[in-house]
2 protein chains.
Amino acid sequence: MSTTRQKILEVTGELFARQGYAGTGMNQIVAEGGAALGSIYHFFPGGKAQLCAESIRRSGELYLTLIDDIIGGAENIDEGVRDFFLGAGEHLVRTNYADACPIATIALEVASTDEELRQATAEAFGSWVSAAARHLQRGGVPAAEAAQLATFALAALEGAFILCRASQSTEAIESVATHVQRAVQDAVARVDRSKGRGTGPIPGRSSRGVQADA
Amino acid sequence: MSTTRQKILEVTGELFARQGYAGTGMNQIVAEGGAALGSIYHFFPGGKAQLCAESIRRSGELYLTLIDDIIGGAENIDEGVRDFFLGAGEHLVRTNYADACPIATIALEVASTDEELRQATAEAFGSWVSAAARHLQRGGVPAAEAAQLATFALAALEGAFILCRASQSTEAIESVATHVQRAVQDAVARVDRSKGRGTGPIPGRSSRGVQADA
DNA sequence: GTCTATAAACCGATAGAC
DNA sequence: GTCTATCGGTTTATAGAC
């Protein structure tokens, strides 16, 4: 209902994503135009921890719809995967390597220090993996393999975000995109072949034919 | 020379790795038995920032030798890669998912807030990628492909660390290990085949035959 | 619901005795 | 070189007027 609550979560999510949990102060959230300090504690009586927990959940849901929109909007999965990685790379450049994963920094900070926040990050990551796995299954990949492949893809993306932000270069996400796309194509091709379909020149998995990003 | 300086860096490295830069206080470093507060400022007059910078460099060198020891100590690269990921997974469990990458948390925290520390993390990551690429080349992978593959492998490892710490499960690192090992085997096989060697049943890249972790 | 003033605790950093 | 006491500033969180 109230727009103030929403605005607080927006500003909080952005700051936590860029500077982390411990590195962002309540006064900075206030200064960034979120709301007055009193309003923050009015809507989030649990203080900074509650604010962070709800911010993690909100970011989790937003990124989930991003995954669904981009991958679900593509013609097939490996094209969707490529779109997602390319889009993430462009967004990195556009924001000067500030905006990558909305919860990764928090996740590492709280993993060994705050059990409740740790679980919140785990649930968000889990929902993204599930979504990606669902799209892979839609593309014909068996459930068990889809889950493993989705976990791998998210891990590769998260790691690429770290390396890209540190080096201020898109090199890592391009390398990762190539390899993840290859893994997805392999999984799909394996299914197609076992079903006897001939979707293309499968045998031998050519060393090239994936698309060269760099 | 002085053992105190070393001890300070040890304690600092551990705390920064587990709780991050902003989340770790100087007094906590003192409390953890590193040294007296005055001693810290005696050896690191630049304060917390200098302490962090040197800690990043030290962690970078230590992890570099770990990479060289484990991968270099294996009979071939893809076995070395498997050893490294398996070892990392076991270490995660042994430390209750506290010890993963020594600088990842710091890297995300400072990427958009502290230019000097950001560069320090970038150099550490770069040295690890170079080392891994060197081992891949030793295994016959062409230089350009080795660099890309090494970047991908490190990114996948880093991302797996995030997901494993968040979920308190080794599932992610196992999934990632399987796929990274597969990519390495592919790269090696491609070279062997182009050289006309017959190292095994290459054509068609069997859908199984990598080793099932989970 | 929103705001300001402020409390209480803690932060990084310094001074100076030893 | 090592230690303790402490400064000045900032932190999270609260109180209370509006």
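Numbered from 1 within each chain, the chains take letters A, B, ... in sequence-line order.
- A donor-acceptor contact under 3.5 angstrom links the side chains of Q50(A) and E54(A), judged on distance only.
- Applying the side-chain hydrogen bond (donor to acceptor under 3.5 Å, both in side chains) criterion to Q119(B), with sequence neighbours excluded, gives E115(B).
- dT2(D) atom C1' lies 17 Å from atom NZ of K7(B), rounded to whole Å.
- When the C1' atom of dA15(D) is taken as reference, atom NE2 of H42(A) falls 15 Å away, rounded to whole Å.
- Proximity of a side-chain donor or acceptor of S175(B) to a complementary backbone N or O of E171(B) within less than 3.5 Å is detected.
- Out of dT2(D), dT14(D), dA13(C), the shortest distance to the side chain of L37(A) is found at dT14(D).
- Spacing between atom CD1 of I40(B) and atom C1' of dG1(D) amounts to 14 Å, rounded to whole angstrom units.
- Between T4(A) and the phosphate of dG1(C), there is no side-chain N or O to OP1/OP2 separation shorter than 4.0 Å.
- For the pair N27(B) CG and dA9(C) C1', the interatomic distance rounds to 11 Å; values are reported in whole Å.
- A donor atom on one side chain and an acceptor atom on the other are found under 3.5 Å apart for Q19(A) and Q28(A).
- The side-chain contact (heavy atoms from CB on, under 4.5 Å) check on E116(B) picks up D114(B), with sequence neighbours excluded.
- Listed pair Y41(B) / dT14(C) fails the phosphate criterion, with no side-chain N or O lying under 4.0 Å from OP1 or OP2.
- Contacts with DNA chain D (heavy atom under 4.0 Å) in residues 46-54 of chain A: G47(A), K48(A), listed by number.
- Annotation: E145(A), atom CD; neighbour count of heavy atoms from other residues, nucleotides and ligands within 6.0 Å is above 12.
- Between F84(B) and Y63(B), the angle of the ring planes goes over 60°, which puts this pair in the perpendicular group of the 30/60° scheme.
- As a whole-Å value, the separation of L15(A) CG from dT12(D) P is 12 Å.
- A straight line from CE of M26(A) to C1' of dT14(D) spans 12 Å, rounded to a whole angstrom.
- Among the atoms of the strands shown, only primed sugar atoms or phosphate atoms (P, OP1, OP2) are found under 4.0 Å from some heavy atom of G25(A).
- Atom CD1 in I8(B) sits about 14 Å away from atom P in dA13(C), given to the nearest Å.
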